[in-house]
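To start, the structure itself, in structure tokens.
Worth saying up front: this structure is predicted, and the values here are computed from it rather than measured. Chain letters run A, B, ... following the sequence lines, proteins first and then strands; every chain starts at 1.
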2 protein chains.
Amino acid sequence: MAKKELNIEQKIKYVQDTLFVISGKWKLPIMMAINSGNNRFRDIQRAVPNITTRVLSKELKDLEENRLVVRTVYDSLPVTVSYTVTPYCKSLKPMVDEMIKWGENHRAVLKKAKPA
Amino acid sequence: MAKKELNIEQKIKYVQDTLFVISGKWKLPIMMAINSGNNRFRDIQRAVPNITTRVLSKELKDLEENRLVVRTVYDSLPVTVSYTVTPYCKSLKPMVDEMIKWGENHRAVLKKAKPA
DNA sequence: CATTCTGGTATCCTTTAGGTAACTGGCATC
DNA sequence: GATGCCAGTTACCTAAAGGATACCAGAATG
């Protein structure tokens, strides 16, 4: 099987696809928060600084539709709701790890550049 | 030197920093186009499908301000303008490669899921 | 019995990203 | 001398993202 050699147009297309799925300020932070053990609505909200209930609610629905997050209602009293990430969501990890690395380095770069 | 162990709040912060820099449909595609040898304004426009001159112009200024792209005017007749990516821009490569991979796989997933 | 927690909705509003289209001035080409 | 290429700029507009605020019912806590 030949090694895949993508041309620039294809690469751009794939990057735009990815950007489309993770677009916005909140989707990745929400998935990260859930993945790290925050499964309740309010826990997620606390873990993701400055997000409002309205936005969190909307984004969670979005992520559920895209099969990145699963919502489970437990019929206890009172009812509890739990959000978990899907295996497909976890496939984003290598990319997210690179984004963490880059963001960390970027802060360091800014810190060095700014003090003028 | 201790291994860095970031907590979830820090990770989210760094990811949001990264998202902020690469936000939008166009910045990464533009950088990719330049990096792959499209250095003239019209060449970049042709390499990035569907981008308009207005948006390209605005995004290039943005990227220049953030030291990801350099604009050089050659005083020939007629004047030619050349855009190049900076070394700092190239530090995005590992992340972009992961985005390409994920987007490629995502298309395959959709293709398998859809035919119902 | 007042407050606080849960998991959200409902309204309203502002900001931003991005798109459409027209236009410019200088050079080259047909 | 009309057309087209280059590298953009300008003005206008729309859709979407996101923020502010208030509110709801049910249960628990003090």
Quick note, side chain to side chain donor-acceptor pair (under 3.5 Å) partners involving residues 51-70 of chain A, not counting sequence neighbours, are A:Lys27-A:Glu59
Atom-to-atom span, CZ of A:Arg40 to C1' of C:dT6 - whole angstrom
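Spelled out: CZ on A:Arg40 to C1' on C:dT6 is 7 Å.
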Applying salt bridge (Lys or Arg N to Asp or Glu O under 4.0 Å) as the test, list every pair that has at least one member in residues 75-85 of chain B; sequence neighbours left out.
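Residue pairs passing salt bridge (Lys or Arg N to Asp or Glu O under 4.0 Å), neighbours aside: none found.
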Quick one, A:Asp17 with A:Phe20, criterion side chain to side chain contact (heavy atoms under 4.5 Å, CB included). Give me CA distance, side-chain angles, the key distance, then yes/no.
CA-CA 5 Å; A:Asp17 285 352; A:Phe20 186 75; 5.7 Å; no
Measuring to OP1 and OP2 of D:dC6, would you say a side-chain N or O of B:Tyr74 lies under 4.0 angstrom away?
no
I'd like to know whether B:Val69 forms a side chain to side chain contact (heavy atoms under 4.5 Å, CB included) with B:Thr84, so could you lay out the CA-CA distance, the side-chain angles of the two residues, the decisive distance to 0.1 Å, and finally the verdict.
CA-CA 6 Å; B:Val69 158; B:Thr84 46; over 6 Å; no
When the ring planes of B:His106 and A:Tyr88 are compared, do they come out parallel, tilted or perpendicular, using 30° and 60° as the limits?
parallel
So, A:Thr18 side chain and B:Gly103 main chain: donor-acceptor pair closer than 3.5 Å or not?
yes
For the backbone of A:Pro87 and the side chain of A:Ser91, can you confirm whether one donor and one acceptor N or O come within less than 3.5 Å of each other?
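Absent.
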Once salt bridge (Lys or Arg N to Asp or Glu O under 4.0 Å) is applied, do any residues pair with A:Lys101, and if so which ones, sequence neighbours excluded?
A:Glu98
Sidechain N-carboxylate O distance under 4.0 Å for B:Lys93, B:Asp97
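Yes, charged N to carboxylate O under 4.0 Å.
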With the threshold set at under 4.0 Å for non-hydrogen atoms, list the residues of residues 28-35 of chain B touching DNA chain D in residue-number order.
none
Strand contacts (DNA chain D) in residues 20-27 of chain A, 4.0 angstrom heavy-atom criterion:
A:Gly24, A:Lys25, A:Trp26
Minimum side-chain heavy-atom gap B:Arg40-B:Val81 below 4.5 Å:
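With C-beta onward as the side chain, the pair stays apart.
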Where along residues 43-72 of chain A does a heavy atom fall under 4.0 Å from DNA chain C?
A:Arg46, A:Thr53, A:Arg54, A:Ser57, A:Lys61, A:Arg71
